[in-house]
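Single-structure report; data block below.
Below, chain A is the first sequence line, B the second, and so on; all start at residue 1. Worth knowing before you read on, the calculation uses all heavy atoms, side chains too, and leaves out hydrogens, waters and symmetry mates.
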Amino acid sequence: MPLVRIDVTEGRTPDRVRAIADAIHRAIVAEYGIPERDRFQVVTEKPAGHIIAEDAGLGFDRDGEVVIIQIFTQRGRTIEAKQKLYAAIAGELGALGIAGENVFIGYVENGPEDWSFGFGRAQYVTGELAVPAKAVA
Amino acid sequence: MPLVRIDVTEGRTPDRVRAIADAIHRAIVAEYGIPERDRFQVVTEKPAGHIIAEDAGLGFDRDGEVVIIQIFTQRGRTIEAKQKLYAAIAGELGALGIAGENVFIGYVENGPEDWSFGFGRAQYVTGELAVPAKAVA
Amino acid sequence: MPLVRIDVTEGRTPDRVRAIADAIHRAIVAEYGIPERDRFQVVTEKPAGHIIAEDAGLGFDRDGEVVIIQIFTQRGRTIEAKQKLYAAIAGELGALGIAGENVFIGYVENGPEDWSFGFGRAQYVTGELAVPAKAVA
């Protein structure tokens, strides 16, 4: 269920781009306990200048290797769970050599009825998929 | 009002891409009763590998022709209305030969004050547009 | 914090594209009082036909120069604040010669815990960043 949009600057190899996507997914699976194949990612490589990401006043610089991650998923996770997820994503990307400065995450919530994985069915409503326990408010 | 992002893999003709967008819009108009010209779609064609969409554990395979549909629209529709919408989208795409396995939908809600269709005005707030009856909570 | 997605049609110079992004950011800074460097924008240039934006029944035509703006930001702003923001965006873009007909805005809200600006930390939760006063519900 999480639909994750990943925006990165052009110039990486396909393997590198895939490794970034894999790393983000590993963090979500580890922290949220979702199925390995509950993976929906849209990756976009963009020309320099088409991603503008400053520091929100925090006092650091990014180096052009910023990774913009936008996670759409079901509501119900605690603040602590989200914090652990962000840390895990930064950790996984750090293992690839991506600096903490370059990991930007935004998160948007919806409900179980807001997903259809195929066949025009809302599988969390029909019961074909169980709503993740931790995502029940 | 619905803003619909449609991500597909490269390799289709422009007519085919347009037909997919048209099909999705027809389903929304039919199910939600919105005006025909209440149409806002952003289509993106992506290289193979930049859309990663597995099965969430449901036990089926997609064939690379997956269509990722993300609908941003006003809150207030019932679960049943959403289910009918998803079925209609899958039905319309099915008529184009797109298998049910390849129709992924995510849905995100906001309010009437969250839209400006032009001129910097919030037309559902000013009354220039009527809030859809079915979308009143 | 606002993450702003900007979709425009191809064919503008890089300077022009940057000017559009700058104009939108100026409006947000002016109206919402956020830090100048609280800037996160993803710009996408798209082939003709990949942005479909009609008039929602309002009775006007766009001229192909439509700018689709999607703002993801914290909840808590009033309807009036949003209306002023939309007007300011249209005003800034108008100063660039972009007609009011061509300014489409959608808005999606989340919470302070839904942002990580770097290092895997949720800086509005940790207190490294202050939640904007106007964004407290």
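No other option in A:W115, A:F72, A:F119 has as many heavy-atom pairs under 4.5 Å with chain B as A:F119. Taking B:A56, B:A53, B:P47 one by one and counting their heavy-atom pairs under 4.5 Å with chain A, the maximum is reached by B:A56. Interface summary for chain B: among A:E45, A:E113, A:E36, the most heavy-atom pairs under 4.5 angstrom belong to A:E113. For the set B:I79, B:I71, B:V108, the count of heavy-atom pairs under 4.5 angstrom toward chain A peaks at B:I79. Among A:P14, A:G120, A:G111, the residue making the largest number of heavy-atom pairs under 4.5 Å with chain B is A:G120.
Salt bridge A:E109/A:R77: absent, no basic N to carboxylate O contact under 4.0 Å. We find that B:R62 and B:E101 are not joined by a salt bridge, their nearest charged nitrogen and carboxylate oxygen being 4.0 Å or further apart. The pair A:E10-A:K46 fails the salt-bridge criterion, with no side-chain N (NZ, NE, NH1 or NH2) lying under 4.0 Å from an Asp/Glu carboxylate O. Using a 4.0 Å cut-off between charged side-chain N and carboxylate O, A:R5 and B:D7 make a salt bridge. The existence of a salt bridge linking A:R39 and A:D22 is confirmed by a sub-4.0 Å separation between a basic side-chain nitrogen and an acidic carboxylate oxygen.
Using a 4.5 Å cut-off between heavy atoms, B:I89 makes no contact with chain A at all. Both the backbone and the side chain of A:V42 come within less than 4.5 Å of a heavy atom of chain B. Using a 4.5 Å cut-off between heavy atoms, A:F117 contacts chain B through both its backbone and its side chain. Neither the backbone nor the side chain of A:V4 comes within contact range of chain B, judged by heavy atoms closer than 4.5 Å. For A:Q123, the part lying under 4.5 angstrom from a heavy atom of chain B is the side chain only.
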ask   = side chain to side chain contact (heavy atoms under 4.5 Å, CB included) between B:V103 and B:Y86: does it pass, once the steps are laid out?
value = CA-CA 9 Å; B:V103 181; B:Y86 306 153; over 6 Å; no
query = Please walk me through it: do B:Q74 and B:Y124 pass side chain to side chain contact (heavy atoms under 4.5 Å, CB included)?
reply = CA-CA 11 Å; B:Q74 283 189 47; B:Y124 290 119; 3.2 Å; yes
